[in-house]
Amino acid sequence: MVKSVLQFIRLRFARGFSLASLGPNESRILFDFVIAAAAACLAVAFDLLFIAHQWQAAYLVNIALPFAFVLLNALLGLYTRQRTAAARKKALLLLVSICIAAIVWITLLRQP
């Protein structure tokens with residue numbers, strides 16, 4: 001078990017940075033981030049191609065959503081204490097995380 005952030009960083013550097021050296025939690029976090037980032041990029045690309053045809057400041061919020069999603073998952077314990085929970089509970093926590101991220105997204109993009 002890692003005792004401190006500094007110890008974690010030292011251990012991470014000692015193992016290297018290839019995909020094969022990722023631990024199970026690091027793999028989960030990377031997978032969640034890549035999937036959320038791909039979804040956000042595809043949403044922005046779709047909007048650019050078919051709707052807006054120009055860059056909008058609101059796209060920055062879309063690009064920030066993958067970070068929010070992974071952070072919410074971490075805060076809900078999906079990478080720590082809920083890691084071995086039942087599938088139904090984990091699915092519910094993922095749903096809560098997605099709903100909170102969507103509420104934040106709607107709030108940030110709401111016109112004043």
Side-chain angles (χ1 to χ4, degrees):
M1 186 168 159
V2 177
K3 301 286 183 197
S4 70
V5 174
L6 203 53
Q7 182 185 7
F8 170 76
I9 292 171
R10 269 189 258 133
L11 290 172
R12 180 71 241 151
F13 275 100
R15 283 192 315 223
F17 290 98
S18 70
L19 286 177
S21 70
L22 290 177
N25 269 347
E26 294 166 330
S27 297
R28 281 186 201 99
I29 293 168
L30 179 63
F31 176 81
D32 288 349
F33 180 79
V34 168
I35 294 300
C41 289
L42 287 173
V44 169
F46 181 86
D47 193 48
L48 279 170
L49 288 172
F50 299 111
I51 300 171
H53 302 295
Q54 64 184 7
W55 180 261
Q56 298 176 10
Y59 295 150
L60 295 176
V61 175
N62 286 347
I63 294 170
L65 278 177
F67 296 102
F69 178 67
V70 171
L71 179 67
L72 287 167
N73 287 347
L75 291 174
L76 291 173
L78 282 167
Y79 305 127
T80 54
R81 62 187 180 279
Q82 300 299 333
R83 186 176 53 196
T84 58
R88 186 173 287 200
K89 185 173 185 179
K90 286 168 74 171
L92 181 62
L93 288 171
L94 275 172
L95 179 64
V96 168
S97 177
I98 291 168
C99 289
I100 292 171
I103 290 168
V104 168
W105 180 73
I106 290 168
T107 303
L108 290 174
L109 293 180
R110 189 173 43 128
Q111 297 296 326

- Message: Under the criterion side-chain contact (heavy atoms from CB on, under 4.5 Å), I'd like the reasoning laid out for Ile100 against Phe69: C-alpha separation, chi angles, the key distance, then a yes or no.
- Response: CA-CA 9 Å; Ile100 292 171; Phe69 178 67; over 6 Å; no
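- Note: the hydrophobic cluster containing Leu95 does not contain Leu76 (ILVMFWY, side chain heavy atoms under 4.5 Å, direct or indirect links).
- Minimum heavy-atom separation, Asn25 to Tyr79: ND2-O, 2.8 Å.
- Between the CG atom in Leu72 and the CG atom in Leu94 there is a gap of 11.0 Å [rounded to 0.5 Å].
- Phe33 and Phe67 have their aromatic ring centers within a separation under 6.0 angstrom.
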- Task: Determine, step by step, whether Tyr59 and Asn62 satisfy the side-chain contact (heavy atoms from CB on, under 4.5 Å) criterion, reporting the C-alpha distance in whole Å, the side-chain angles of both residues, the deciding distance to 0.1 Å, and the verdict.
- Result: CA-CA 5 Å; Tyr59 295 150; Asn62 286 347; 4.1 Å; yes
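- Leu48 and Phe50 are members of different hydrophobic clusters when ILVMFWY side chains are connected at heavy-atom separations under 4.5 Å.
- If you take NZ on Lys90 and CG on Asn73, they are separated by 11.0 Å, rounding to the nearest 0.5 Å.
- The two residues Leu22 and Ser27 have their closest heavy-atom pair at CB-OG, 3.6 Å.
- Trp105 and Leu71 fall into different hydrophobic clusters, where Ile, Leu, Val, Met, Phe, Trp and Tyr are joined by side-chain heavy atoms under 4.5 Å apart, directly or via other members.
- Each of Ile29 and Ile35 belongs to its own hydrophobic cluster when Ile, Leu, Val, Met, Phe, Trp and Tyr are linked at side-chain heavy-atom distances under 4.5 angstrom.
- Within the 3.5 Å criterion, the main-chain N or O of Leu93 finds no donor-acceptor partner in the side chain of Ser97.
- Rounded to the nearest 0.5 angstrom, Leu92 CG and Lys89 NZ are separated by 9.0 Å.
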